[in-house]
Amino acid sequence: MKTKYWLVKSEPFKYSWEKFNEDGRTFWDGVRNYQARNNLKEMREGDLVLFYHSNEGKNVVGIAKVVKEFYQDPTTDDTNWVVVDLVPFESLKNPVTLEQIKAEESLKDISLVRQGRLSVMPLKAAEFDKILQMGS
DNA sequence: GCCAACGTTGGC
DNA sequence: GCCAACGTTGGC
């Protein structure tokens, strides 16, 4: 099975990377957008997910790993919405800012830049690697 | 705090 | 099924 790469956004105020590391595991809830939902459903166990802080920080701070594929969002009865389980995998030594990403030619097409409001998006392996490289 | 972008809703 | 109005997100 081929590993896929993703990026998710969270407002640190709501759920930060630090909190995620304290918890050790979380289900990714609160997605109320079909496109983001469809991306969640595409995630497979073992896929790697960049964790981006929106609003405050505006940087990629770490990598999470998918440990459980999508299931009904436990915070709602609406069967439209799903969550996946994530665990922290690795922190980036140097968080990569949105500014750096925008300035990087090879990253100018990623959804984070092109479609600012999307909260769960796929990344190409090359894009994922590039961001890791910038963060190490 | 403002506003642009864009997804969603609802009237026709 | 179109499209205007509205709500939400997120960068600045």
Side-chain angles (χ1 to χ4, degrees):
Chain A
M1 182 180 39
K2 194 164 175 289
T3 304
K4 284 183 294 222
Y5 303 96
W6 308 93
L7 183 147
V8 295
K9 286 184 187 173
S10 182
E11 298 187 41
F13 158 74
K14 200 178 141 211
Y15 197 78
S16 68
W17 177 246
E18 288 73 22
K19 179 73 165 59
F20 181 35
N21 276 271
E22 279 171 35
D23 290 350
R25 177 176 181 138
T26 193
F27 54 84
W28 201 258
D29 69 329
V31 170
R32 295 292 182 271
N33 166 286
Y34 289 103
Q35 206 178 341
R37 191 279 312 269
N38 292 341
N39 288 332
L40 278 185
K41 285 189 165 183
E42 288 292 313
M43 289 188 188
R44 293 296 172 261
E45 202 177 316
D47 284 357
L48 295 176
V49 183
L50 290 179
F51 194 109
Y52 174 80
H53 275 168
S54 62
N55 261 316
E56 276 175 69
K58 283 174 288 173
N59 49 16
V60 178
V61 287
I63 312 164
K65 194 173 192 171
V66 179
V67 288
K68 186 173 180 185
E69 292 175 17
F70 76 92
Y71 56 96
Q72 167 67 36
D73 186 337
T75 65
T76 176
D77 289 333
D78 189 336
T79 53
N80 275 323
W81 308 117
V82 301
V83 299
V84 296
D85 281 6
L86 299 176
V87 295
F89 181 66
E90 203 181 307
S91 292
L92 290 191
K93 203 178 299 168
N94 303 300
V96 179
T97 64
L98 181 61
E99 199 178 357
Q100 286 175 273
I101 290 171
K102 280 184 167 171
E104 182 58 47
E105 181 64 20
S106 61
L107 296 176
K108 69 172 171 33
D109 281 338
I110 68 173
S111 309
L112 184 65
V113 177
R114 302 197 67 129
Q115 208 180 343
R117 293 181 58 223
L118 189 60
S119 59
V120 180
M121 65 199 76
L123 286 182
K124 295 194 189 80
E127 295 163 347
F128 180 86
D129 289 343
K130 183 68 191 175
I131 292 171
L132 282 204
Q133 182 199 320
M134 290 164 74
S136 61

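Proteins get letters first, then strands, A, B, ... in listed order; numbering begins at 1 in each.
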So among A:Val120, A:Val84, A:Leu86, which one has a side-chain contact (heavy atoms from CB on, under 4.5 Å) with A:Val49? A:Leu86

For A:Asp78, is the CG atom crowded, meaning more than 12 foreign heavy atoms sit under 6.0 Å from it? yes

Where along nucleotides 6-12 of chain C does protein come under 4.0 Å, by heavy atom, of base (B) or sugar-phosphate alone (S), with - for untouched nucleotides? -BBBSBS

What class does the angle between the rings of A:Tyr15 and A:Phe51 fall in, given that below 30° is parallel, 30 to 60° is tilted and above 60° is perpendicular? tilted

Evaluate the side-chain contact (heavy atoms from CB on, under 4.5 Å) criterion for residues A:Trp81 and A:Arg32: first the C-alpha distance (whole Å), next the side-chain angles of each, then the deciding distance (0.1 Å), finally the verdict. CA-CA 7 Å; A:Trp81 308 117; A:Arg32 295 292 182 271; 3.5 Å; yes

Lys/Arg-Asp/Glu bridge criterion (N-O < 4.0 Å) met for A:Asp73, A:Arg37: no

